[in-house]
There are 2 protein chains.
Amino acid sequence: MGAEAERTDQVAEEWAGVAPDAAQRLVGAAVEAFAERGYHATTTRDIAGRAGMSPAALYIHYKTKEELLYRISVTGHERALKIMSAAAEAEGTAADRLCRAVRAFASWHAERHTTARIIQYELKALGEEHYAEIADLRRRTDRLLREIIQDGTDAGEFSVRDVPGTTLAVLSLCVDVARWFTADGKRTPDQVGELYADLVLGMVGARRP
Amino acid sequence: MGAEAERTDQVAEEWAGVAPDAAQRLVGAAVEAFAERGYHATTTRDIAGRAGMSPAALYIHYKTKEELLYRISVTGHERALKIMSAAAEAEGTAADRLCRAVRAFASWHAERHTTARIIQYELKALGEEHYAEIADLRRRTDRLLREIIQDGTDAGEFSVRDVPGTTLAVLSLCVDVARWFTADGKRTPDQVGELYADLVLGMVGARRP
DNA sequence: GCCACGACTGAGCAAGCGCTTAGCATGCGC
DNA sequence: GCGCATGCTAAGCGCTTGCTCAGTCGTGGC
């Protein structure tokens with residue numbers, strides 16, 4: 001199986017919950033097209049074509065092209081938030097939780113770099129109300145990470161001068177994986193997660209031995 | 001003077017070398033428009049309008065809309081490379097040079113976040129030949145940073161397990177400043193540079209006291 | 001005074017955009 | 001067998017896009 005088909009399979013799996021089948025194929029096609037060319041450079045004809053349908057079919061399942069972006073954005077942000085909250089609520093020291101959080105968050109941005117690229121770099125293309133909803137999900141993700149870093153700092157595990165600034169930097173580092181990661185690069189998503197967890201522990205002054 | 005006019009002034013200053021005046025106003029207008037809405041969402045009418053000219057005037061000074069992006073991209077990448085090479089060639093320990101490099105590189109991405117946003121996030125909109133030229137400038141920037149980190153690791157100043165991976169992460173961290181930085185935020189570009197230099201020294205296991 | 005020339009505009013072209021509409025198959029309840 | 005909802009397509013509408021071109025304006029050389 002070639003890299004192309006593999007990715008298509010992965011995209012399909014990611015949207016397995018969407019029904020009916022045509023709607024699922026459309027959202028999968030949109031993810032691929034948006035990630036490849038950007039939202040504004042993607043045409044509704046392109047999306048429909050990739051899904052094997054006529055341009056008009058798109059509008060039976062989605063009101064506008066922006067709604068497709070919004071659905072992708074909500075699903076992606078919810079998944080990212082879930083990953084972060086799973087790590088935040090885990091047992092263990094702050095260093096354990098930070099390590100888990102960064103490893104999972106960074107490797108998700110590598111593994112699902114197509115979806116991640118869209119949700120991180122096409123925010124401005126969302127409508128105003130949709131943007132506000134997404135911004136709330138983003139704030140919640142940020143707060144979870146900040147709390148871990150604050151906990152570690154309070155407990156003396158970390159040595160961090162600027163907790164909000166460091167939180168911002170760690171999030172930014174993980175998010176930007178979606179920009180540079182490619183499936184044919186020399187690192188697997190897991191390796192990226194490992195590397196990043198190690199680097200971030202260094203950033204907060206709690207490098208593991 | 002309002003924030004709007006201030007930014008316009010800064011943009012004008014950045015492109016002060018471009019002649020004639022109309023070409024300079026056009027490239028400044030393009031920087032603002034591309035950074036605000038993205039390349040594909042910006043129309044040539046918008047650029048010309050911001051420069052106080054008719055749509056046709058653009059084509060006297062630039063062959064296509066893509067040429068404007070290319071000029072912005074070359075200038076921006078050359079400036080970023082110059083910043084990196086100044087730090088790389090400086091006197092001092094590897095930690096000194098890394099600190100300088102990150103401080104200058106990150107704060108440039110904050111200070112000139114409009115230009116930086118374009119050159120970092122609109123690469124795919126470049127034509128093939130133009131892209132190849134830009135990719136070369138990027139590789140040179142990467143190499144300079146990697147050499148600093150390699151030097152520090154060889155000298156025992158740093159403790160880095162994966163030099164190319166860490167280089168990628170540091171560059172990614174600095175570059176992504178352009179995505180989240182806004183002039184009305186609570187951090188100045190210099191403060192971002194200071195914070196990031198400190199965090200990166202931690203990443204390489206050489207945190208200053 | 002007049003011409004040549006570069007800078008610029010108003011009008012507009014061909015192509016492509018997001019999206020709509022009318023109509024056609026298919027499959028279900030009865 | 002029939003009516004009808006559903007999922008889809010072919011055609012195309014109104015508009016915007018990047019870009020062009022004929023012509024106007026202001027200016028410097030002679």
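Convention: sequence-line order gives letters A, B, ...; per-chain numbering from 1.
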Gap between atoms [atom1] and [atom2], on [X] and [N] respectively (whole Å):
{"X": "A:Glu67", "N": "C:dC19", "atom1": "CD", "atom2": "C1'", "answer": "14 Å"}
{"X": "B:Asp46", "N": "D:dC19", "atom1": "CG", "atom2": "P", "answer": "15 Å"}
{"X": "A:Lys63", "N": "C:dT20", "atom1": "NZ", "atom2": "C1'", "answer": "15 Å"}
{"X": "B:Leu26", "N": "C:dC8", "atom1": "CG", "atom2": "C1'", "answer": "11 Å"}
{"X": "A:Leu68", "N": "C:dG18", "atom1": "CG", "atom2": "C1'", "answer": "13 Å"}
{"X": "B:Leu58", "N": "D:dG18", "atom1": "CG", "atom2": "C1'", "answer": "10 Å"}
{"X": "B:Leu69", "N": "D:dG18", "atom1": "CG", "atom2": "P", "answer": "13 Å"}
{"X": "A:Ile47", "N": "D:dC8", "atom1": "CD1", "atom2": "P", "answer": "16 Å"}

Salt-bridge contact [X]-[Y] (side-chain N to carboxylate O under 4.0 Å):
{"X": "B:Asp151", "Y": "B:Arg146", "result": "no"}
{"X": "A:Asp142", "Y": "A:Arg139", "result": "no"}
{"X": "B:Asp21", "Y": "B:Arg25", "result": "yes"}

NE2-CG distance between B:His109 and B:Leu173, expressed to the nearest 0.5 angstrom: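 So the NE2 of B:His109 and the CG of B:Leu173 are separated by 11.0 Å.
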
Measure from the side-chain heavy atoms of A:Tyr59 and tell me the nearest of C:dC19, D:dC19, C:dT21.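 Nucleotide nearest to A:Tyr59's side chain: C:dC19.
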
Looking only at side-chain atoms of B:Lys65, point me to the closest of D:dG18, D:dA10, C:dC19.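 My answer, after comparing the listed nucleotides, is D:dG18.
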
Parallel, tilted or perpendicular: rings of A:Tyr196 and A:Trp180 (30°, 60°):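 A:Trp180 vs A:Tyr196 ring planes: tilted.
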
OP1, OP2 of C:dG18 versus side-chain N and O of A:Thr44: anything below 4.0 Å?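 Looking at the OP1 and OP2 atoms of C:dG18, one of them is under 4.0 Å from a side-chain N or O of A:Thr44.
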
Which pairs with one or both residues in residues 22-51 of chain B pass ring-ring contact (aromatic ring centres under 6.0 Å, His included), sequence neighbours excluded?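 Passing the test, one end in residues 22-51 of chain B: B:Phe34-B:Tyr39.
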
For nucleotides 12-15 of chain C, give me every protein contact, N/O to N/O, under 3.5 Å, one pair per line with atom names.
residue	atom	partner	partner atom	Å
C:dG12	O6	B:Arg45	NH2	3.3

Could you go through nucleotides 3-7 of chain D and list every protein N or O atom that sits under 3.5 Å from one of its N or O atoms, giving the distance for each pair?
none

Taking the nucleotide of DNA chain C with the nearest heavy atom to each, does A:Thr43 or A:Ala56 sit closer to the 5' end?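 Closest to the 5' end, via its nearest nucleotide, is A:Thr43.
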
Would you please test B:Asp136 and B:Tyr131 for side chain to side chain donor-acceptor pair (under 3.5 Å) and show each step? CA-CA 9 Å; B:Asp136 183 58; B:Tyr131 177 81; over 6 Å; no

More than 12 non-hydrogen atoms from neighbouring residues, nucleotides or ligands closer than 6.0 Å to NZ on B:Lys124, yes or no?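 Yes, enclosed.
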
Using a distance-only test with no angle check, is there a side-chain donor-acceptor pair under 3.5 angstrom linking B:Gln120 and B:Arg138?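 Yes, a side-chain donor-acceptor pair sits under 3.5 Å.
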
Under 4.0 angstrom, heavy atoms only, what part of the nucleic acid is B:Ser54 near: base, sugar-phosphate, or nothing?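 Touches a base.
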
